[in-house]
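Chain naming here is simple, since letters A, B, ... match the order of the sequence lines and numbering starts at 1 in each. Just so you know, these numbers use all the heavy atoms, side chains as well, and skip hydrogens, waters and symmetry mates.
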Amino acid sequence: MSDISKNPILKLEDVSLSYRSNNPDVTDGTHQVLDSISLDLYEGETLGVIGSNGCGKTTILRIMAGILAPSSGNVTRRRGTSAALLSIGLGFKPNASGRSNAMLAAMLQGATKGQAESYLEEIKEFSELGIAFEEPVKTYSSGMMSRLGFTTALKTHVDILLIDEVLSVGDAHFKQKAEKAIKERISGSQTVVFVSHVSSQVQELCERVIWLNQGIVAEDGGASEVLHTYAKHIRIA
Amino acid sequence: MALQSEASRYYFGYFWWILEPLLFVAVFYLVFSVFLKTRQEDFLVFLMCGKLPFIWFSKSVSQASGSIMANAGLIGRIDIPKTMFPMAIIQEGLYKQSMVFLLLFGVLFVYGYTPSLLWLWLIPIMAVYYLMIVACSFAGAFLVCFMRDFTMFISLGMMFLMFTSGIFWDVREIGSPAMTDAILTYNPMAFILDAFRQVLMYNVTPNLLGLSLNVVAFGLLLACMIFLIRKNSQLLALKSLTA
């Protein structure tokens, strides 16, 4: 394990996010997705985020990636660090081939055209898509989509890898392969935020875990303790 | 890449780029020349010089206006400059339009309009027109993110422009020079389409003052839009994700 520097690579201070909704059932017409969240992320760390559906897991990743700005509070990312969000299915151009999509994704994550081209064969090989790599993405199953998405993010280098539920789809064989690849990256200096509701995966991959519940951090600590409280909470509810 | 995938979806593929504008021209020709018997000289050429550039504007701006919303999937995954989406649409349109202009030149040649050095004025005219397209597309894309209802205004606006910009009638032949002046001054679309015709059909140099005023106006609009879109990048992402 590499040295964890004292300086956080990413810092959230009192981050809240709300947006106006047209749904009349929502109080005051605003959705409060995140409510005063503070946390530090250190270089080389693998942070797990757990919580039920709709608790703000994806939103917090989007804020970390700089895709969304918080309604209030501060997000400080260390200068010159890149972050990419990896999620299932979204963001693909359905009529274009897997190859074109991988190329596009790599370039959007900051690779030059030449670099992106050099990743393509690796991506094709690791994802084991075979000839499907040249077929339009709209013909893919969700498992195949996640193979493509995961591999593309894995093979193009980013400083902070934000993984959103990606490993919960895909078959057992690919899941194992992907977990192994993530572990290899983690043992390097890769910083990872890993979102999942599968406790065993979080236990396996993360040393520190936060549990998000209704937009607030319910607990922040070592993986086994937080997962234990979370499991108890689920059983009661 | 997007062009390839679009073409592969249709049976006629790339052929549609030319066919669609031609069908529009055919409909107008049928109505105004065959049914209404317009007295406009060389009506087909006259119509094509107005309609074909207009389609470039209307298609690009309408599509680009919805482009940020349409890419919510991508926007939710990565922080990218939002101007990229309308720009991608505009570049596709530019590519398609170059084929359409080639066809227009072909028709002009067949009808006996021979190219002269004055045709070089087409370069600045097209550049100004392109600036108009980019500025209006950015404005449209920005507004649609905040209120989807703007899509309706944009399509109504296109209809309004189509009728008021002298596409199937001649701005210079409406019997009131004052009105002609007013239209050419206050309707940039009418001004540009007229400039295309003046150069291509009558070998007349465009009004340089008008052209430069349009550069200033649309340049300013573009600068404002780029500033607004950059400044509100994350807000636009939130809007496109939660709409």
Quick one: what part of B/Leu241 sits under 4.5 Å from any heavy atom of chain A, side chain, backbone, both or neither?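 Contact with chain A involves the side chain of B/Leu241 alone.
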Which atoms of B/Ile80 are under 4.5 Å from chain A, going by heavy atoms: the side chain, the backbone, both sets, or neither? side chain
Taking atom types as modelled, is there a side-chain donor on A/Thr76 or A/Lys11 under 3.5 Å from an acceptor on the other?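 There is no such pair (donor and acceptor under 3.5 Å, judged by atom type) between the side chains of A/Thr76 and A/Lys11.
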Using a 6.0 Å cut-off, check whether atom CZ of B/Phe146 has over 12 heavy atoms from anything other than its own residue.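 Yes, CZ of B/Phe146 has more than 12 neighbouring heavy atoms, counting only those of other groups under 6.0 Å.
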Just wondering, do B/Ile55 and B/Val100 contact through their side chains at under 4.5 Å, heavy atoms?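 When only atoms from C-beta onward are counted, B/Ile55 and B/Val100 do not touch, as no gap falls below 4.5 Å.
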Counting N and O atoms only, with roles assigned by atom type, does the side chain of A/Arg62 sit under 3.5 Å from a partner on the main chain of A/Ile67, one being a donor and the other an acceptor?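 Judged by distance alone, no pair lies under 3.5 Å.
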For A/Ile63, is it the side chain, the backbone, both, or neither that has a heavy atom closer than 4.5 Å to a heavy atom of chain B?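 No part of it gets close to chain B.
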